[in-house]
Amino acid sequence: MPVDVESQVRAELSREAGRVQAGDLRPLTVPEASERPGWRALLPAAGRRSVVRWLAPATAVVAVIAVIAAVMVAGAGVHRDPSAAGPAASTPAGRSRFYVSLTFRPKVAAVVHDSRTGRVTGSYRLPPAYQGSGPAPVIAAARSDREFAIAATEQLGHSEADVRILDLRLTRDGRPDSVAVLPWRLTPPGSADYVDGIALSPDGRQLAAAIQIPASGFRPRAEIKVISVRTGATRTWTVAGETQLPLNPSWQAGGRYLGFLLWSRIRGPAASFTARTQLRLLDTVAASRDLMSARVVATGANGRGFLQAAVLSPDGRSVLVAAYRNVAGSRPGHGTAILRVEALRIPGGRLTQVVCRESVRYRNARQMNAADTRFSVLSVAGQGHHALVMCPSLARLDNGSLTTLPGLGQLPIVAW
């Protein structure tokens with residue numbers, strides 16, 4: 001069964017946590033020098049077939065890749081930006097009305113939420129071909145607040161599978177209406193390739209996908225694909241040499257440049273590794289197909305730490321990042337995790353806003369690993385400056401104002 005690197009890391013951490021006692025393991029430290037028109041209208045006729053009707057609202061929410069062992073985190077202090085006020089009275093201009101989360105096991109389903117309250121407005125269970133074992137699905141939103149793309153594994157036989165793109169459309173009141181399956185494949189049938197993230201271009205004509213190609217010894221290869229939604233024509237950027245992992249693809253306004261988070265110089269086994277982290281900007285019309293031709297626009301250097309997630313704003317002038325930095329304590333295995341969600345100016349990576357920050361003390365490896373994954377940037381809206389973040393619970397960010405939403409688990413898969 002194909003296993004992506006992030007899932008492998010989390011699964012091994014969970015297994016290890018169940019075996020060790022407090023203080024048994026040395027802490028995982030990350031040195032500061034080493035960072036860790038609606039698009040459906042463009043579909044060919046073959047891709048417009050309806051699949052199944054939407055189902056009643058689900059009572060269960062996201063069950064994702066793997067959940068790191070629950071731990072008690074000693075002494076946490078949370079600080080939020082002063083502008084992070086209470087919920088907005090109405091939907092601001094540019095903010096999508098709905099966001100969609102994905103459940104994984106035991107059922108692969110899309111759950112629609114009202115973006116103002118988080119209330120479930122409807123759900124849709126993917127067809128049986130997409131209910132088998134395999135990597136978790138991923139999701140991206142179109143500029144319209146009623147169209148979403150889902151990359152999910154389709155079971156072709158006893159041992160073969162590939163990744164297809166499904167177009168989910170919503171009704172005006174946020175209920176799943178219909179699903180169309182694009183005729184194009186993101187991964188070859190029978191391969192173990194894993195789609196780590198997708199993004200639709202502003203005009204809906206292109207879909208970008210970050211692909212991981214597993215290899216032995218925790219040394220996967222990686223590539224980014226950009227596929228035409230209309231024709232299926234595909235361009236692929238690859239990298240030779242050391243292990244590189246692209247994550248969080250997101251388009252800059254205009255649809256020429258694609259931002260992505262790159263983990264490189266990865267060292268260590270899946271359960272304990274360090275890496276350099278950078279946000280890069282890829283010119284998708286340039287002749288080069290070398291992934292490393294993408295220019296660096298922000299990094300985890302200068303004390304920022306390991307970038308867990310990084311997503312461009314719709315205008316491409318800033319990036320929202322989630323980062324952590326571990327500071328060792330006076331006793332072995334003890335320390336403090338410094339977590340932040342920040343907005344950085346592009347280019348240059350200058351800090352413009354601290355969305356939220358938290359200091360979490362840990363006493364062993366299990367507590368440290370749980371602390372390091374508390375913050376994330378999940379999705380940025382197709383218009384305006386709005387995002388869904390984990391800070392450390394699910395929250396909606398509206399031009400600097402942070403509003404808590406109903407939780408979706410520790411590692412939700414969501415887009416708006």
Side-chain angles (χ1 to χ4, degrees), residues 38 53-64 78 80-104 107-126 137-150 168-179 309 311 313-314 320 322 341 343 353 355-356 358 374-416:
R53 299 176 182 176
W54 55 270
L55 303 178
T59 56
V61 287
V62 174
V64 293
V78 180
R80 298 187 185 274
D81 186 86
S83 63
S90 60
T91 303
R95 192 177 81 199
S96 299
R97 292 176 55 205
F98 308 105
Y99 61 90
V100 177
S101 64
L102 296 179
T103 64
F104 184 29
K107 298 177 181 178
V108 181
V111 182
V112 187
H113 307 259
D114 183 293
S115 68
R116 188 175 64 87
T117 64
R119 179 180 61 86
V120 172
T121 61
S123 66
Y124 167 80
R125 183 178 178 181
L126 270 61
V138 293
I139 187 169
R143 284 183 64 89
S144 164
D145 63 2
R146 291 191 288 142
E147 296 176 85
F148 296 81
I150 300 171
L168 171 66
R169 293 173 61 88
L170 309 180
T171 62
R172 285 180 175 272
D173 57 354
R175 296 179 180 273
D177 184 19
S178 65
V179 170
V311 183
S313 64
L320 203 61
V341 171
Q353 181 193 9
V355 175
C356 55
E358 184 178 31
R374 285 165 66 85
F375 280 15
S376 187
V377 179
L378 303 173
S379 182
V380 175
Q383 302 179 54
H385 285 247
H386 309 282
L388 295 175
V389 297
M390 293 290 287
C391 262
S393 57
L394 181 66
R396 189 187 69 236
L397 179 67
D398 298 306
N399 299 316
S401 177
L402 202 63
T403 303
T404 300
L405 293 169
L408 295 174
Q410 185 177 3
L411 300 170
I413 305 169
V414 62
W416 74 336

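- Note that the CZ atom of F98 and the CZ atom of R119 stand 8.5 Å from one another [nearest 0.5 Å].
- The nearest pair of heavy atoms linking V100 to A110 is CG1-CB, 3.8 Å.
- Scanning both residues, A141 and A415, for their nearest heavy atoms gives N-CB, 4.0 Å.
- When L408, L394, L320 are each tested for a side-chain contact (heavy atoms from CB on, under 4.5 Å) with L378, only one passes: L394.
- Atom CG of N399 and atom CD of Q353 lie 9.5 Å apart (nearest 0.5 Å).
- Contact detail for T103 and P137: the closest heavy-atom pair is O-CG, 4.3 Å.
- Among residues two or more places apart in sequence or in another chain, the side chain to side chain contact (heavy atoms under 4.5 Å, CB included) test is passed with A140 by I198.
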L397 and H386: side-chain contact (heavy atoms from CB on, under 4.5 Å), yes or no, with the steps?
CA-CA 5 Å; L397 179 67; H386 309 282; over 6 Å; no
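- You'll find the side chain of L402 reaches within 4.5 Å of the side chain of V389, heavy atoms only.
- Of all the heavy atoms in A387 and W416, the pair that sits closest is N-CZ2, 3.4 Å.
- The two residues P406 and G118 have their closest heavy-atom pair at CD-CA, 3.8 Å.
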Test side-chain contact (heavy atoms from CB on, under 4.5 Å) on L170 and F148 and set out the steps.
CA-CA 9 Å; L170 309 180; F148 296 81; 3.7 Å; yes
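- The CD1 atom of I150 sits 10.5 Å away from atom CD1 of I413, with the distance rounded to the nearest 0.5 Å.
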If you apply the rule side-chain hydrogen bond (donor to acceptor under 3.5 Å, both in side chains), what do you find for H113 with S101, and how did you get there?
CA-CA 8 Å; H113 307 259; S101 64; 2.8 Å; yes
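- For the pair S376 (side chain) and M390 (backbone), a donor-acceptor distance under 3.5 Å is absent.
- Across R396 and S115, no two heavy atoms sit closer than the pair NH1-O, 2.8 Å.
- Side-chain contact between L168 and P176 is present, with at least one heavy-atom pair separated by less than 4.5 Å.
- Judged purely by atom type and a 3.5 angstrom limit, R125 has no side-chain atom pairing as donor or acceptor with the backbone of K107.
- The backbone N or O of R146 sits nowhere less than 3.5 Å from a side-chain atom of R97 that would complete a donor-acceptor pair.
- The distance from the OH atom of Y99 to the CG atom of D145 is 14.0 Å, given to the nearest 0.5 Å.
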